[in-house]
2 protein chains.
Amino acid sequence: MSKWHAKDVPRLPSMDLLRGFEAAARLLSFTRAGEELHLTQSAVSRQMRELEEQLGATLFERRHRALALTEAGRAFYPAAAQALAAMRECVQRVRQVAGLRALMVSSTASFASLWLVPRLTRFAGENPGMDVHVSANARIQDLDRDGVDVAIRYCPPAMAGTAAVRLFGEHVFPVASPRLLADTKRPLREPADLRHHVLLAVEDPEGAYPWLSWGSWLELAGLGDLKPAGRLHFTEYDQLLRVSRDGYGVALGRSALVRDALRSGELVAPFAAIGHRAADSSRAYHVIVAPRARARPDVQRFVDWLQREAAQDEYAPAVEDAEGGRGSKDGARKRKPRP
Amino acid sequence: MSKWHAKDVPRLPSMDLLRGFEAAARLLSFTRAGEELHLTQSAVSRQMRELEEQLGATLFERRHRALALTEAGRAFYPAAAQALAAMRECVQRVRQVAGLRALMVSSTASFASLWLVPRLTRFAGENPGMDVHVSANARIQDLDRDGVDVAIRYCPPAMAGTAAVRLFGEHVFPVASPRLLADTKRPLREPADLRHHVLLAVEDPEGAYPWLSWGSWLELAGLGDLKPAGRLHFTEYDQLLRVSRDGYGVALGRSALVRDALRSGELVAPFAAIGHRAADSSRAYHVIVAPRARARPDVQRFVDWLQREAAQDEYAPAVEDAEGGRGSKDGARKRKPRP
DNA sequence: GATATGCATGAGTAAATGGCATGCAAAAGA
DNA sequence: TCTTTTGCATGCCATTTACTCATGCATATC
């Protein structure tokens with residue numbers, strides 16, 4: 001027996017183990033907890049074993065393809081949640097005192113509401129003490145003057161600048177409520193069937209967004225002469241999508257902005273293969289950081305997070321790749337809703 | 001930029017970092033915090049850098065040979081302490097629900113009060129949820145019958161049993177209050193000077209502990225005929241030591257039991273070299289675990305801790321080794337009391 | 001009977017963590 | 001004034017930790 005070495009000192013469970021436990025206990029699944037925490041099922045399984053060994057208590061009852069909490073696990077859950085909360089409060093307090101500032105982000109209203117804000121809640125959870133303000137105003141050009149730290153713009157790379165970070169490109173394809181597909185009186189089985197439907201589009205009197213127009217898409221599909229049942233125009237893209245989800249027409253889906261709706265099944269993409277090529281390959285979503293904010297660690301963390309979220313989306317497409325689908329393990333396959 | 005990998009997920013500070021911070025902030029020293037946590041100064045230094053990076057805040061102001069907390073550090077301290085407490089509460093709660101039982105320890109009253117209990121407070125801090133009961137009753141022989149999980153006995157190895165764990169041996173030498181050494185009217189510079197002093201001893205009418213008698217020690221010192229100024233006898237060894245600390249006489253110090261008092265300077269050992277050889281090399285302090293408790297993880301942890309504490313004492317002796325002192329880095333060198 | 005699915009685990013690897021040795025700089029001691 | 005002491009920082013390296021990949025197992029579902 002040697003003298004004390006650091007490895008011999010009994011340790012308290014790490015925050016990582018608690019976070020794993022909280023997710024696994026809430027979801028009752030190591031697999032899904034892993035997905036939420038960007039870990040493999042194997043890693044979560046081992047974490048829970050390690051935690052149980054440290055505590056000297058069994059937290060989960062392993063059934064086949066199901067987990068249940070033991071009495072000790074149920075007792076641990078609120079305490080673990082409290083310990084996590086105490087730590088986040090801890091971190092938040094010190095960052096406040098250290099004078100960390102809010103992070104100002106500018107993007108279009110549509111990008112904000114359809115892509116950024118739904119994801120920011122997770123960012124906030126993983127980054128206590130950070131105060132992110134989203135300005136749904138893409139007209140801002142002078143970031144320094146207007147007090148913006150990070151801007152997200154859909155533009156050519158030359159416009160974004162060499163320091164900008166590319167998130168993802170975009171392509172467009174028709175999307176509609178699954179109810180429209182179920183309508184036998186007005187079929188929507190092939191592109192020509194669009195003549196039976198109302199086409200929804202964003203107002204563009206100056207033709208500033210040609211790639212977003214039905215005209216362009218129909219030309220691409222060889223249907224330049226098609227006369228639809230009607231046309232509706234909207235000033236805001238998210239309003240257009242809401243109408244589409246409600247089943248009142250067919251919209252041109254912007255891939256990034258419709259991704260969540262496709263995933264949830266609120267929208268379907270019957271002709272996704274047409275137009276898979278980027279509608280305007282010169283443009284993409286870019287992250288532009290104001291020069292004076294580049295050295296801020298919180299800004300760097302935020303930009304890093306944006307890139308990872310964007311990459312995550314690209315690895316798990318919402319619609320099957322038209323050139324060749326993945327195998328049965330495709331993560332995008334829709335799960336049955338859980339009770 | 002790749003998709004999410006576990007290493008990319010922002011992490012909350014670990015409990016190890018918080019514990020390091022709490023100790024460094026309380027002691028205002030990385031070196032002493034390291035000693036307390038069984039880490040090197042280097043490790044604590046790096047931990048604090050890592051913590052500051054994770055938080056994005058400076059917690060310490062490094063001065064030469066001194067630390068001060070920054071405002072952020074002062075703000076972090078109570079929050080960190082609360083997070084540590086929340087975690088310990090967390091661990092304790094789950095262990096209670098899991099039905100962990102108290103751990104019953106038996107030892108002599110003197111060993112309990114002079115060695116074990118002072119150290120148990122640290123054990124308790126490092127092992128939340130464990131309930132250790134100390135029975136200062138060494139007459140217990142049948143551990144199973146008497147509900148004792150662990151016994152600590154000073155006995156020959158054969159009596160302890162092959163499964164017992166040896167902690168340390170013992171040797172005895174005179175100890176006295178430093179005030180006695182300062183008394184010029186009654187010098188205590190050489191062993192013969194003991195004739196000027198009251199000798200303190202444990203009652204032993206049956207001669208059961210010959211190695212603890214002044215007679216034995218004086219014979220060893222070649223002073224068999226020495227007539228002291230007086231003799232006092234006590235039933236309890238810790239009472240004897242209290243009187244010695246108060247300066248009323250010279251006691252025979254049992255090495256393990258006087259170690260803390262020597263370290264604190266309350267007692268000094270003017271003739272430690274005489275008698276350095278174990279008074280009775282056949283005996284030593286042993287840990288004996290009741291057979292039915294051997295499989296308990298909490299009991300195993302406790303025994304492991306006992307061994308490490310004992311080894312720690314052996315590595316940092318309270319008095320310089322009579323055969324050859326260590327260098328100037330000897331950890332036992334007494335520090336000036338801090339303000 | 002075949003397939004799907006979620007937990008457990010062997011093996012491999014990259015990153016994290018800690019110790020050793022040393023540098024640096026200023027306070028303390030001679 | 002010079003020497004010694006002391007505590008924080010850091011290069012380097014070894015060991016441990018933590019995660020991924022691949023696969024096995026067992027049972028529910030089709």
Side-chain angles (χ1 to χ4, degrees), chain A residues 2-9 11 13-20 23-25 27-54 58-69 315 327-331 333-336 338, chain B residues 2-9 11 13-17 19-20 23-25 27-54 58-69 327-331 333-336 338:
Chain A
S2 60
K3 69 176 184 176
W4 282 103
H5 184 279
K7 303 304 186 190
D8 303 315
V9 176
R11 303 173 71 192
S14 72
M15 288 287 107
D16 290 337
L17 296 189
L18 281 205
R19 202 170 53 174
L27 301 166
L28 292 180
S29 165
F30 292 165
T31 304
R32 292 169 67 205
E35 287 166 4
E36 181 168 301
L37 301 173
H38 304 296
L39 293 172
T40 60
Q41 169 271 324
S42 161
V44 178
S45 179
R46 291 185 212 274
Q47 283 188 340
M48 294 308 100
R49 282 294 180 195
E50 171 65 23
L51 182 58
E52 286 173 327
E53 278 184 32
Q54 283 193 19
T58 300
L59 302 172
F60 294 97
E61 183 184 336
R62 276 84 164 168
R63 299 168 178 156
H64 172 64
R65 291 174 70 175
L67 289 175
L69 283 169
Y315 272 79
S328 63
K329 298 272 185 77
D330 192 327
R333 219 159 89 257
K334 193 161 72 75
R335 279 196 179 85
K336 284 180 196 145
R338 276 163 170 78
Chain B
S2 61
K3 71 177 185 175
W4 281 103
H5 183 280
K7 303 300 189 193
D8 304 314
V9 177
R11 301 173 71 192
S14 71
M15 289 287 106
D16 289 338
L17 295 188
R19 203 171 51 177
L27 301 167
L28 292 179
S29 165
F30 292 166
T31 304
R32 291 169 66 207
E35 287 166 2
E36 182 168 300
L37 300 173
H38 306 296
L39 293 172
T40 60
Q41 169 270 323
S42 160
V44 178
S45 178
R46 289 185 214 274
Q47 283 188 341
M48 294 308 100
R49 281 295 179 195
E50 171 64 23
L51 182 59
E52 286 172 327
E53 278 183 32
Q54 283 192 19
T58 300
L59 302 172
F60 294 97
E61 184 185 335
R62 275 84 163 167
R63 299 169 179 156
H64 172 63
R65 291 173 69 173
L67 290 175
L69 282 169
S328 62
K329 297 273 184 73
D330 191 328
R333 217 158 91 253
K334 195 160 71 76
R335 278 197 180 84
K336 285 178 196 150
R338 278 166 169 75

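Quick note: numbers below take in every heavy atom, side chains included, and nothing from hydrogens, waters or symmetry partners. Just so we're on the same page: letters track the sequence lines, and every chain starts at 1.
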- Is the closest side-chain heavy-atom distance between A/Phe30 and A/Arg62 below 4.5 Å? yes
- How would you label the contact of A/Gln47 with the nucleic acid (heavy atoms, under 4.0 Å): base, sugar-phosphate, or nothing? sugar-phosphate
- Message: Using side-chain heavy atoms (C-beta onward) and a distance below 4.5 Å, is B/Glu61 in contact with B/Arg63?
- Response: yes
- Query: Start at the 5' end of DNA chain D and walk down; is the nucleotide closest to B/Ala66 or to A/Asp16 reached first?
  - Reply: B/Ala66
- Message: In this structure, how many angstroms lie between the C1' atom of C/dC7 and the CD atom of A/Glu61, rounded?
- Response: 14 Å
Show each protein N/O and nucleotides 9-11 of chain C N/O combination with a separation under 3.5 Å, one pair to a line.
| unit_1 | atom_1 | unit_2 | atom_2 | d |
| --- | --- | --- | --- | --- |
| C/dT9 | O4 | A/Ser42 | OG | 3.1 |
| C/dG10 | N7 | A/Arg46 | NH2 | 3.4 |
| C/dG10 | O6 | A/Arg46 | NH2 | 2.2 |
| C/dA11 | N6 | A/Arg46 | NH2 | 3.3 |

- Find out whether B/Glu52 and B/Phe60 are in side-chain contact, i.e. whether some heavy atom of one side chain is under 4.5 Å from a heavy atom of the other. yes
- Separation of D/dC19 atom C1' from A/Leu17 atom CG, nearest Å, is 13 Å
- Rounded to whole Å, CG of B/Leu37 lies from C1' of C/dG19 at a distance of 15 Å
- Distance in angstrom units between A/Glu35 CD and C/dG6 P, rounded: 8 Å
- Quick one: does A/Glu35's side chain get under 4.5 Å of A/Leu27's, heavy atoms only? no
- Nearest of C/dA8, D/dC19, C/dA26 to any side-chain atom of B/His64? C/dA26
- Can you tell me the distance, in whole Å, between the CG atom of B/Leu51 and the C1' atom of C/dA16? 16 Å
- Query: Can you check whether B/Met15 reaches A/Met15 side chain to side chain, under 4.5 Å on heavy atoms?
  - Reply: yes
- Query: Nearest-Å distance, CZ (B/Arg63) to C1' (D/dC8)?
  - Reply: 14 Å
- Message: Quick check: do A/Leu17 and A/Glu50 have side-chain heavy atoms less than 4.5 Å from each other?
- Response: yes
- Quick one: A/Arg19 CZ to D/dA18 P, roughly how many Å, whole number? 13 Å
- Query: Expressed in angstrom and rounded to an integer, what is the separation of A/Phe60 atom CZ from C/dG6 atom P?
  - Reply: 16 Å
- Can you find a donor-acceptor N/O pair under 3.5 angstrom joining the side chain of B/Arg65 to the base of D/dT5? yes
- Task: Identify, with sequence neighbours excluded, every residue that meets ring pair (Phe, Tyr, Trp, His ring centres under 6.0 Å) alongside B/His64.
- Result: none
